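The basis for the numbers below is simple: all heavy atoms, side chains too, and nothing from hydrogens, waters or symmetry mates. Quick note on labels: first sequence line is chain A, next is B, and so on, each numbered from 1. The structure displayed is predicted, hence computed values, not measured ones.
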Number of protein chains: 2
Amino acid sequence: MASGKYAKEMDALKEHLAKHHLKFTRQRELILNAFLRQEHITAEAMYHQLAKTDPHLGLATIYRTLNLFCDAGIAQARHFGSQTQYDNVSHKGHHDHLICTGCGKIVEFENCEIEKLQEEVAARNGFSIQTHRLELYGLCTRCRN
Amino acid sequence: MASGKYAKEMDALKEHLAKHHLKFTRQRELILNAFLRQEHITAEAMYHQLAKTDPHLGLATIYRTLNLFCDAGIAQARHFGSQTQYDNVSHKGHHDHLICTGCGKIVEFENCEIEKLQEEVAARNGFSIQTHRLELYGLCTRCRN
DNA sequence: TTGAAATTGATAAGCCCTCTCAAAATTCTA
DNA sequence: TAGAATTTTGAGAGGGCTTATCAATTTCAA
């Protein structure tokens with residue numbers, strides 16, 4: 001049992017590592033702690049952020065580790081524009097996105113009723129939801145003219 | 001007024017072209033007709049599909065044209081994996097997905113209540129929805145053991 | 001402690017998409 | 001309708017983001 005601020009996710013990671021014969025490294029711990037402070041981040045952004053304290057951390061390692069987090073259910077990759085955003089699944093207030101197809105504007109929102117209906121749909125099909133992704137595409141007020 | 005199976009979209013395209021001082025070309029007509037037969041397609045897939053009958057149609061032209069369709073409101077780009085999917089906006093019968101993170105099983109579903117709530121959220125934020133994407137990730141019955 | 005196996009960092013390579021530019025096609029003008 | 005002006009096309013070069021490669025290092029189980 002790990003202790004500390006992010007004990008739950010640390011345990012989830014360790015369990016995933018053990019199950020797949022992977023190893024717990026300084027870099028993985030480092031990147032996990034940095035990642036969990038964010039709601040969502042790109043590999044590039046994390047690279048620059050960590051470079052301040054760990055200048056020798058490679059970009060490839062960041063990518064590999066964030067993808068590992070996705071496998072472990074801690075992160076979720078989302079393609080946004082030309083880059084990949086890694087979302088923090090455990091972040092409270094999971095939010096969804098309204099995306100304007102005209103100007104690219106993004107509005108975040110949260111809706112409990114929708115989430116409840118999602119649970120119902122999942123239950124009807126024998127699924128237990130771990131996470132979800134909802135993106136609404138349309139035109140914002142300004143672009144509708 | 002265009003005639004034929006896809007008259008409505010053809011008119012929409014011509015109107016957009018006229019408004020922006022662009023030209024109506026053989027390639028644009030060709031690609032539009034091929035595109036409207038699909039629910040969604042990638043530029044690469046369309047390139048190979050059209051190569052059978054028009055081997056000299058360039059990939060860059062496909063990309064340019066599909067992006068033009070997006071500007072004209074006929075198509076909509078969506079990043080999926082490493083590629084861009086161009087969705088046929090006029091296509092009805094949108095469905096969502098339940099995805100098992102254990103075995104990869106995918107179940108399609110449709111839920112009017114969720115769609116209604118989506119409309120409400122969008123309206124509250126001044127958006128008019130063109131399309132959406134909803135994916136629920138979790139474990140199916142079998143994988144939960 | 002020791003050896004097998006996994007990971008790392010640097011960079012090359014790959015993929016997807018856009019840019020460039022001369023030749024061709026379309027549209028406008030008279 | 002002929003010619004001029006403008007846009008588009010096709011082919012390949014270029015660019016951004018991500019993954020593959022590989023020798024050196026680190027982890028972990030026995």
Counting heavy atoms not belonging to A:Arg144, are there more than 12 under 6.0 Å from its CZ?
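Yes, enclosed.
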
Round to a whole Å and report the spacing from [atom1] of [X] to [atom2] of [N].
| X | N | atom1 | atom2 | result |
| --- | --- | --- | --- | --- |
| B:Glu44 | C:dG14 | CD | C1' | 13 Å |
| B:Asp71 | D:dT8 | CG | P | 12 Å |
| A:Ile62 | C:dG9 | CD1 | P | 8 Å |
| B:Arg26 | C:dT26 | CZ | P | 8 Å |
| A:Ile31 | C:dT7 | CD1 | P | 13 Å |
| A:Tyr63 | D:dA20 | OH | C1' | 14 Å |
| A:His21 | D:dA29 | NE2 | C1' | 12 Å |
| B:Arg28 | D:dG10 | CZ | P | 11 Å |

Classify the side-chain pair B:Gln27/B:Thr61 by whether it contains a donor and acceptor separated by less than 3.5 Å.
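Checked: B:Gln27/B:Thr61 side chains show no N/O donor-acceptor pair below 3.5 Å.
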
Return yes if a side-chain donor-acceptor contact under 3.5 Å exists between A:Ser90 and A:Glu9, otherwise no.
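Side chains of A:Ser90 and A:Glu9: pair found under 3.5 Å.
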
Quick one: label B:Thr84 by what it contacts on the DNA or RNA (base, sugar-phosphate, nothing), any heavy atom closer than 4.0 Å.
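The answer is sugar-phosphate, as B:Thr84 gets under 4.0 Å only of primed atoms, P, OP1 or OP2.
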
Counting any heavy atom closer than 4.0 Å, what does B:Leu59 reach on the DNA or RNA strands: base, sugar-phosphate only, or nothing?
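Counting heavy atoms under 4.0 Å across all strands, no contact is made by B:Leu59.
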
Select from B:Leu17 and B:Pro55 the residue whose nearest nucleotide in DNA chain D is closer to the 5' end of that strand.
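Counting from the 5' end, the first nearest nucleotide belongs to B:Leu17.
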
For A:Leu22 and B:Leu22, take the nucleotide of DNA chain C holding the closest heavy atom to each; which residue's nucleotide lies nearer the 5' end?
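The 5'-side residue here is A:Leu22.
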
It should be established whether [X] places a side-chain nitrogen or oxygen under 4.0 Å from OP1 or OP2 of nucleotide [N].
| X | N | answer |
| --- | --- | --- |
| A:Gln27 | C:dG9 | yes |
| A:Thr25 | C:dT8 | yes |
| A:Arg64 | C:dT7 | no |
| B:Thr61 | D:dG10 | yes |

Return yes if some donor-acceptor pair links the side-chain N/O of B:Thr84 with the main-chain N/O of B:Ala77 below 3.5 Å, else return no.
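A pair under 3.5 Å: no.
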
Give a yes or no on whether a salt bridge exists between B:Asp87 and B:Arg133, defined as a side-chain N under 4.0 angstrom from a carboxylate O.
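Salt bridge between B:Asp87 and B:Arg133, a charged N being under 4.0 Å from a carboxylate O: no.
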
Which one, C:dT18, C:dA10, C:dT27, comes nearest to the side chain of B:Phe24?
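Of the candidates, C:dT27 comes closest.
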
Please state whether the base of C:dA5 and the side chain of A:Lys23 form at least one donor-acceptor pair under 3.5 Å?
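Result: at least one qualifying N/O pair found.
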
